[in-house]
Amino acid sequence: MNLFFPRYIIQFRFASRHSSLFTNNPFTPAISIHKKRRFSTISLSISPKSELLVVVGGGAAGIYGAIRAKTIAPNLNVVVIEKGKPLSKVKISGGGRCNVTNGHCPDNMIMADHYPRGYRELKGSFFNTHGPVDTMSWFCDHGVELKTEDDGRVFPVSNSSSSVIDCLMSEVKRTGVVMQTGKVVTTASTAGGKFNLKIEKRSIDYVESVEADYLFIASGSSQQGYTLATQLGHSIIDPVPSLFTFKIDDSKLTELSGVSFVKVKAKLELETVRKNIQQLTQVGPMLVTHWGLSGPVILRLSAWGARYLSSSDYKGILYVDFAPDLHIEHMKSVLLQHKNQFAKLKMLNSYPLELGLVKRFWKYLLDREGIDGDLLWASVSNNSIMSIASLLKQCPFKMKGKGIFKDEFVTAGGVPLSEISLKTMESKLQPRLFFAGEVLNIDGVTGGFNFQNAWSGGHIAECSKIRSER
């Protein structure tokens, strides 16, 4: 059969009902190009003998699931279609170290609480089937030595994401998973219990029709996955950014770039949110950047408030308590004691060390209150001391937009979990259709939780259904 394009003839030599996605070399499809005048002929050799699983997306969920499928069903043809480089997000995550999972959440219920979208649904069997301990065991068993840091984040001992990537790609090759890159699955439909897929490689105006027995969509937050899901009858919750920093409308804050705080309590107030939402108050480390505020406490707020922030055009007020373990009366007492003890010193040069502040930030506080730093402590009024204490306990920052968090590219939205069985990751609308990863309306806070969602979903999707039917 020939498909005609303006400059190409694409020839399919059908050896069976499947396409040329299968070759002896799992990384290189059997494609030969012959130039004939104004045409190019692409001959695709095919010779499958068993059922076909097509995996859309070569990220963490897709490749982990493909390896799992090939492991439990060696005779199943498994093909991963990836438009770019496989595991590209794994490569850059964690500053290039790859935050594999979180080692401080062995309990399923506690683990689920770290997912702004999915925290109710994931309290079932999801992490019990394949949780952080299982993930760490798998990588250790496959030669990747791991370490757990104080905050629970798990990294390779090598401190390089290449260790994780090399491990996964080695398993792809060993198990016989076929990897095809530079291609996009553009359309999907069903007929006779099969999936009819159209795969394009636009660089050479190449279109391939493939019939698959199973389809696994693990394409992350790309439009490709959302399009295929809607073509197969699913709805999509509009995706919005999650895990980002806050841009703050305060020019003086730029002078504090690089200043960090070990523990603050931050509360986000938005005009579009009238009710009290517990998760819009978070406690943790915070970092001042040249554009605003970042650090774990801000990233968690951005995740829990992702949809609210989107509807508020990323504008609101952030109230920061710089001493969450001190009551305001205690704070006033500390400042008054310091006044009595260091009465002859200038305010700028002397401040209570127990507050854990740095000189640059202390100057910032004085400037915000309009207090001259050359003023001696003996001359400071009690009203000024109370205003400083109040600012330390509830310091308002005007948010004017969102920044980025370079190590994470996470969205809130995707295929609703109500349309998926989390016990199998199979669609409730289409048999033999599976989803995992960020294409679903699941996203976690920073700290290894998003990758764990990918590992768990990939493992479950390619386990129960395929095993039961073979």
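Between the side chains of Ser163 and Ser158, at least one donor-acceptor pair of N or O atoms lies under 3.5 Å.
Of all the heavy atoms in Pro116 and Trp304, the pair that sits closest is CA-CZ3, 3.4 Å.
With a 4.5 Å cut-off on side-chain heavy atoms, Val178 and Asn77 do not count as touching. Residues Val415 and Ile217 form no side-chain contact, since every pair of their non-hydrogen atoms from C-beta on lies 4.5 Å or further apart. Between Ile63 and Met179 there is a side-chain heavy-atom pair separated by less than 4.5 Å. Annotation: side chain of Leu433 is in contact with side chain of His234 (closest heavy-atom distance under 4.5 Å). Counting heavy atoms from C-beta on, the side chains of Met399 and Leu318 never come closer than 4.5 Å. Between Gln282 and Ile298, the closest side-chain pair of non-hydrogen atoms is not below 4.5 Å. Side chains of Ser302 and Lys402 form no contact here, defined as non-hydrogen atoms less than 4.5 Å apart. Side-chain atoms of Gln231 and Leu228, non-hydrogen and from C-beta on, do get closer than 4.5 Å to each other.
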Review point. Are Glu438 and Thr411 close enough, and set up right, to give a side chain to side chain donor-acceptor pair (under 3.5 Å), and what steps lead you there?
Key: CA-CA 7 Å; Glu438 202 180 342; Thr411 56; 2.9 Å; yes
Exercise for review: Begin with the C-alpha distance, continue with both residues' side-chain angles, and end with the deciding distance and a verdict on side chain to side chain contact (heavy atoms under 4.5 Å, CB included) for Phe397 and Leu253.
Suggested key: CA-CA 10 Å; Phe397 294 96; Leu253 200 62; 3.9 Å; yes
Exercise for review: Could you give me the CA-CA distance, side-chain angles and deciding distance for Leu440 and Glu121, then say whether side chain to side chain contact (heavy atoms under 4.5 Å, CB included) is met?
Suggested key: CA-CA 12 Å; Leu440 294 170; Glu121 297 88 344; over 6 Å; no
**Study point:** side chain to side chain donor-acceptor pair (under 3.5 Å) between Thr101 and Trp455, intermediate numbers included
**Key:** CA-CA 9 Å; Thr101 186; Trp455 312 131; 5.7 Å; no
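At least one cation-pi condition fails for Lys201 and Tyr206: the charged atom is not both under 6.0 angstrom from the six-membered ring centre and inside a 45 degree cone around its axis.
Between Phe449 and His114, the ring planes are parallel. Angles under 30° get that label, and only those over 60° would be called perpendicular. Aromatic ring orientation, Phe244 versus Phe246: tilted (interplanar angle from 30° to 60°). Taking the six-membered ring for Trp and thresholds of 30 and 60 degrees, His459 and His130 have nearly parallel ring planes, at less than 30 degrees apart.
A search for salt bridge (charged side-chain N to carboxylate O under 4.0 Å, His left out) contacts involving Arg97 returns Glu149, not counting sequence neighbours.
Within the 3.5 Å criterion, the main-chain N or O of Leu326 finds a donor-acceptor partner in the side chain of Lys393.
The distance between the ring centers of Tyr115 and Phe127 falls below 6.0 angstrom.
No more than 12 heavy atoms of other residues, nucleotides or ligands sit less than 6.0 Å from atom CD of Glu271. Under a cut-off of 6.0 angstrom, the local environment of NZ in Lys198 is sparse, with at most 12 non-hydrogen atoms contributed by other residues, nucleotides or ligands. Heavy-atom contacts from other residues, nucleotides or ligands closer than 6.0 Å to NZ of Lys428 number more than 12.
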For residues 261-269, which side-chain donor-acceptor pairs fall under 3.5 Å, sequence neighbours excluded?
residue	atom	partner	partner atom	Å
Lys263	NZ	Asp325	OD1	3.0
Lys263	NZ	Asp325	OD2	3.3

